[in-house]
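Lettering follows sequence order; numbering is per chain, from 1. Just so it is clear, the structure is predicted and the values come from calculations on it, not from any experiment. Only heavy atoms go into these numbers, but all of them, side chains included; no hydrogens, no water, no symmetry mates.
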2 protein chains.
Amino acid sequence: MDIIDRKIISLLAQDARRSLSDIGGAVELSASAVNERIRRLTTSGAIRRTTVDADPQALDLPILAFVWIALAPGADEAAFRSYAAAHPSIAECHHVTGPWSYLMKIHVGSLAGIEAFLADMKEHGFLVRSETIIALSSVVDGPFILKEGMV
Amino acid sequence: MDIIDRKIISLLAQDARRSLSDIGGAVELSASAVNERIRRLTTSGAIRRTTVDADPQALDLPILAFVWIALAPGADEAAFRSYAAAHPSIAECHHVTGPWSYLMKIHVGSLAGIEAFLADMKEHGFLVRSETIIALSSVVDGPFILKEGMV
DNA sequence: GCGGTCATGGATATAATCGACCGCAAAATC
DNA sequence: GATTTTGCGGTCGATTATATCCATGACCGC
């Protein structure tokens with residue numbers, strides 16, 4: 001993982017469809033060498049995957065919200081984790097410091113979608129208390145990766 | 001934007017390097033048709049870009065934190081926005097509801113990096129008050145896109 | 001029936017992949 | 001300390017796979 005690898009990752013981050021020879025030109029290496037480096041970065045896990053950043057608006061998911069939750073006492077943490085992993089609306093879910101247990105980032109179609117989301121978690125017995133913060137606008141937007149179950 | 005377009009986006013989200021004929025097989029369309037759909041999705045903006053999801057650990061940015069900030073009264077919002085957009089550590093920055101002005105997601109190399117980050121914002125005159133939440137672990141991890149200035 | 005939209009299939013251009021070979025630098029040996 | 005060995009990472013050219021383009025044809029709504 002040298003400076004060239006970083007440069008390659010940075011270039012791919014901007015546009016993963018650039019050709020190997022194009023990238024090679026940018027880092028002064030042959031296409032083959034770049035290919036080999038990308039292969040190594042991928043197998044070592046430094047590059048986790050190549051993906052597409054979609055527009056949530058175009059997919060009818062205009063609402064971005066952050067949900068803090070306190071897990072119900074005695075809740076099955078493992079069950080919660082697989083629930084969160086499989087849930088199509090949950091883009092991220094982090095165990096965090098501070099007064100709450102988890103912070104989740106969710107994409108939904110409407111405010112009703114937030115209500116349904118919270119109700120579903122309550123039904124599953126995970127939720128005792130939560131706080132929802134809605135993003136009004138995004139100065140710097142993270143990529144939106146469509147989850148499998150969301151189709 | 002029909003169900004096939006969504007399926008294509010979903011397939012690309014999992015692995016943007018799949019071949020057109022491969023995707024064509026999955027959605028029962030020819031490679032050409034898939035190519036044309038992807039072209040349309042890209043020009044219409046439904047697909048914003050193809051990118052690579054990197055491992056922050058591999059890039060020596062093991063710490064993920066969320067920072068709430070209250071913008072200094074009378075601070076130049078436009079200046080703050082361009083500062084945030086250009087800042088290499090800021091993966092996301094959202095204007096949000098609730099008691100704080102902005103919620104930011106940042107990747108740094110160490111706890112000292114958080115301190116430096118906050119100090120820099122204070123120096124720029126944006127910050128009056130902030131609260132930092134550190135992610136201990138991630139149940140569902142968002143993609144990490146290496147920002148240009150981070151190389 | 002007509003125009004527009006979208007898919008097909010084959011031809012062509014472009015790009016990725018593979019294999020043989022080379023050079024440098026570090027480790028091992030004399 | 002000099003020399004050989006070894007392994008990593010590179011280049012180049014050949015091969016294969018893939019994307020792109022184009023002409024044609026089916027389907028749908030008007």
Side-chain angles (χ1 to χ4, degrees), chain A residues 1-62 143-148 150-151, chain B residues 1-62 143-148 150-151:
Chain A
M1 170 61 61
D2 58 10
I3 185 70
I4 294 180
D5 284 331
R6 284 168 176 269
K7 191 96 188 265
I8 289 172
I9 291 177
S10 172
L11 290 166
L12 289 175
Q14 293 170 240
D15 177 10
R17 296 188 50 154
R18 293 183 68 165
S19 72
L20 295 175
S21 47
D22 197 4
I23 295 167
V27 300
E28 314 218 319
L29 243 57
S30 71
S32 295
V34 173
N35 192 32
E36 175 63 15
R37 274 173 181 267
I38 292 175
R39 196 195 59 73
R40 272 203 300 275
L41 288 168
T42 303
T43 57
S44 76
I47 291 177
R48 296 196 282 215
R49 63 172 168 177
T50 74
T51 185
V52 291
D53 174 15
D55 180 2
Q57 303 269 351
L59 291 152
D60 298 315
L61 296 164
F144 170 68
I145 310 299
L146 188 63
K147 259 182 137 176
E148 258 192 272
M150 231 170 194
V151 180
Chain B
M1 170 61 62
D2 59 9
I3 185 70
I4 295 180
D5 283 331
R6 285 168 177 267
K7 192 97 188 265
I8 289 173
I9 292 176
S10 171
L11 290 166
L12 289 175
Q14 293 170 243
D15 177 9
R17 296 188 51 155
R18 293 183 68 166
S19 73
L20 295 176
S21 48
D22 198 3
I23 295 167
V27 299
E28 314 219 318
L29 242 58
S30 70
S32 296
V34 173
N35 191 34
E36 175 62 14
R37 276 172 180 266
I38 291 175
R39 196 194 57 74
R40 272 204 298 275
L41 289 168
T42 304
T43 57
S44 76
I47 291 176
R48 296 196 282 215
R49 64 172 168 178
T50 74
T51 185
V52 291
D53 174 17
D55 180 2
Q57 303 267 353
L59 291 151
D60 298 315
L61 296 164
F144 170 66
I145 310 299
L146 187 64
K147 261 181 137 176
E148 259 192 271
M150 229 169 195
V151 180

A.B. asks: Report the distance from atom CG of A/Leu12 to atom OG1 of B/Thr51, rounding to the nearest 0.5 Å.
C.D. replies: 8.0 Å
A.B. asks: What distance do B/Leu41 atom CG and B/Ile8 atom CD1 have between them, rounded to the nearest 0.5 Å?
C.D. replies: 6.5 Å
A.B. asks: Under the side-chain hydrogen bond (donor to acceptor under 3.5 Å, both in side chains) rule, collect the residues that match up with B/Asn35, sequence neighbours excluded.
C.D. replies: none
A.B. asks: If I compare all heavy atoms of A/Ile145 with all of A/Val52, which pair ends up nearest, and what's the gap?
C.D. replies: CD1-O, 3.3 Å
A.B. asks: Can you list the residues that meet the side chain to side chain contact (heavy atoms under 4.5 Å, CB included) rule with A/Asp60, with sequence neighbours excluded?
C.D. replies: B/Arg6
A.B. asks: Under the side chain to side chain contact (heavy atoms under 4.5 Å, CB included) test against A/Val34, which residue among A/Val27, A/Leu11, A/Ile4 passes?
C.D. replies: A/Val27
A.B. asks: Show me the donor-acceptor pairs within less than 3.5 Å that the side chains of residues 13-20 of chain B make with the rest of the protein, sequence neighbours left out.
C.D. replies:
| from | atom 1 | to | atom 2 | distance (Å) |
| --- | --- | --- | --- | --- |
| B/Asp15 | OD1 | B/Arg17 | N | 2.9 |
| B/Arg18 | NE | B/Asp22 | OD2 | 3.4 |
| B/Arg18 | NH2 | B/Asp22 | OD1 | 3.4 |
| B/Ser19 | OG | B/Ser21 | OG | 3.3 |
| B/Ser19 | OG | B/Asp22 | N | 3.1 |

A.B. asks: Please list residues of residues 19-40 of chain B whose heavy atoms come under 4.0 Å from any atom in DNA chain C, ordered by number; otherwise none.
C.D. replies: B/Leu29, B/Ser30, B/Ser32, B/Ala33, B/Arg37, B/Arg40
A.B. asks: For the helix from C/dG1-D/dC30 to C/dC30-D/dG1, what is the angle between the axes at its two ends, each from 5 pairs, rounded to 10°?
C.D. replies: 30°
A.B. asks: Taking 5' to 3' order, which nucleotide of DNA chain D is first and which is last to have an atom within less than 4.0 Å of a heavy atom in chain A?
C.D. replies: D/dG9 to D/dT20
A.B. asks: Mind checking side chain to side chain contact (heavy atoms under 4.5 Å, CB included) for B/Arg48 and listing every partner two or more places apart, or none if nothing turns up?
C.D. replies: A/Asp53, A/Asp55, A/Pro56, A/Asp141, A/Phe144
A.B. asks: At the 4.0 Å heavy-atom cut-off to chain A, mark where contacts on DNA chain C begin and end, going 5' to 3'.
C.D. replies: C/dA15 to C/dC18
A.B. asks: Measuring from atom OG of A/Ser10 to atom CD1 of A/Ile3, what distance do you get when rounded to the nearest 0.5 angstrom?
C.D. replies: 9.5 Å
A.B. asks: So A/Asp2 and A/Arg37, do their side chains get closer than 4.5 Å, heavy atoms only?
C.D. replies: yes
A.B. asks: Measuring from B/Thr43:OG1 to B/Ile38:CD1, what's the distance to the nearest 0.5 Å?
C.D. replies: 12.0 Å
A.B. asks: For A/Glu36, which residues count as a side-chain hydrogen bond (donor to acceptor under 3.5 Å, both in side chains) partner, sequence neighbours excluded?
C.D. replies: A/Arg39, A/Arg40
